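Here is the structure we will look at.
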Amino acid sequence: MMRCLLLASVAAACASTATADGITVDNCGDPLDFDTAPERIVVHDKNMTDMAFELELQDKIVGLTGITGWYKTSPEFDNLRGDIPELAPKIPAIENLISVEPDLFLAGSYYGMRPGGDVTPDTLAPYGIKTIVLTESCGHLDKDHPFVRRHGPAV
């Protein structure tokens, strides 16, 4: 279910056409507005990268983080990845992200971002980087989030 919600949010944000009013997706209960579809995406974690690959977003992905520091990749993953660079093997620093000038970071609280850490939606915003937060991690930010009420806190 969570995978479907995240896929739907990313698909909506990355749609090749935008209406005159732009695109708005739910981001941990808050609206996240896009005037145009993101063109330069950094994705954190292998599972979120797999989802981005399912959406065939490779031509928009300018970097990955959190892959080789924790995961062994398959030949299929490596083939789908092609020459997309890994910017950090584990948790990225803000410098890793801003170096490739993304307009979207696909991550989560404790999945690439730590509340109060260097890389958060608030620290990325001044650089024009929007963040779609992994839905299951919303509970780290808001214990009353609907996901937490239905499924319990993420661990």
Side-chain angles (χ1 to χ4, degrees), residues 1-18 22-115 117-141 147 154-155:
M1 176 66 168
M2 289 301 99
R3 182 180 177 131
C4 292
L5 291 174
L6 182 63
L7 282 171
S9 291
V10 173
C14 296
S16 60
T17 58
I23 301 164
T24 300
V25 298
D26 181 289
N27 195 36
C28 283
D30 293 321
L32 181 62
D33 299 319
F34 292 89
D35 294 331
T36 61
E39 292 294 325
R40 299 182 59 79
I41 304 169
V42 173
V43 183
H44 180 79
D45 192 74
K46 185 177 175 305
N47 292 331
M48 287 181 273
T49 301
D50 287 337
M51 288 182 242
F53 289 171
E54 278 187 41
L55 293 169
E56 299 179 359
L57 295 176
Q58 287 91 325
D59 63 328
K60 295 178 185 281
I61 300 172
V62 296
L64 304 174
T65 62
I67 306 291
T68 62
W70 288 304
Y71 302 100
K72 204 170 163 76
T73 60
S74 68
E76 179 184 8
F77 179 92
D78 295 337
N79 184 52
L80 290 169
R81 177 182 169 189
D83 62 356
I84 300 169
E86 183 173 37
L87 306 175
K90 290 188 175 182
I91 303 295
I94 198 163
E95 293 81 10
N96 300 127
L97 300 175
I98 64 174
S99 71
V100 295
E101 301 177 347
D103 50 13
L104 178 65
F105 183 43
L106 177 59
S109 297
Y110 299 101
Y111 298 92
M113 297 182 290
R114 291 196 169 105
D118 290 341
V119 176
T120 68
D122 290 338
T123 63
L124 294 175
Y127 298 99
I129 304 170
K130 295 185 180 195
T131 305
I132 293 181
V133 178
L134 176 66
T135 305
E136 71 182 35
S137 73
C138 297
H140 290 295
L141 302 174
F147 177 85
V155 284

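Everything numeric here is computed off the predicted structure, so don't read it as measured data.
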Note: Pro121 and Met113 closest approach over all heavy atoms is CD-SD, 3.6 Å
When rounded to the nearest 0.5 Å, the distance separating NZ of Lys60 from CG of Asp103 is 8.5 Å
Checklist entry - Would you call the rings of His44 and Trp70 parallel, tilted or perpendicular, where under 30° means parallel and over 60° means perpendicular? => result perpendicular
Interatomic distance, CG@Leu55 vs CG@Leu57, rounded to 0.5 Å, equals 5.0 Å
The residue among Thr131, Leu97, Thr65 that forms side chain to side chain contact (heavy atoms under 4.5 Å, CB included) with Val119 is Leu97
State whether the side chain of Asn27 and the backbone N or O of Leu32 hold a donor-acceptor pair below 3.5 Å, judged by distance alone. no
Run the side-chain contact (heavy atoms from CB on, under 4.5 Å) check on Val42 and Val62 step by step: do they pass?
-> CA-CA 6 Å; Val42 173; Val62 296; 3.9 Å; yes
Residues Thr24 and Pro31: closest non-hydrogen pair is CG2-CB, 3.7 Å
Correct closest heavy-atom pair for Thr123 and Gly117 would be CG2-O, 4.2 Å
Sorted by chain and residue number, the side-chain contact (heavy atoms from CB on, under 4.5 Å) partners of Ile98 (sequence neighbours excluded) come out as Ile94, Tyr127, Ile129
Across all chains, not counting sequence neighbours, the ring-ring contact (aromatic ring centres under 6.0 Å, His included) partners of Tyr71 are none
Applying side-chain contact (heavy atoms from CB on, under 4.5 Å) to Glu76 and not counting sequence neighbours gives Ser74, Leu80
Go through the steps for Ile84 and Phe53 under the test side-chain contact (heavy atoms from CB on, under 4.5 Å), then give the verdict. CA-CA 12 Å; Ile84 300 169; Phe53 289 171; 4.2 Å; yes
- prompt: Quick one: does Arg40's side chain have a donor or acceptor within less than 3.5 Å of a partner on Val100's backbone?
  reply: yes
Tell me, do Ile41 and Pro102 make a side-chain contact under 4.5 Å, heavy atoms counted? no
(message) A side-chain contact here means heavy atoms from C-beta on lying under 4.5 Å apart; do Leu104 and Phe34 qualify?
(response) yes
Residues passing the side chain to side chain donor-acceptor pair (under 3.5 Å) test with Asn96, sequence neighbours excluded, are none
By salt bridge (charged side-chain N to carboxylate O under 4.0 Å, His left out), Lys130 pairs with (sequence neighbours left out) none
For residues 77-95, the side chain to side chain donor-acceptor pair (under 3.5 Å) pairs (sequence neighbours left out) are Thr68-Glu86, Thr73-Asp78
d(Lys46 NZ, Lys72 NZ) to nearest 0.5 Å is 12.5 Å
Taken to the nearest 0.5 Å, the spacing of Asp35 CG from Ile23 CD1 works out to 9.5 Å
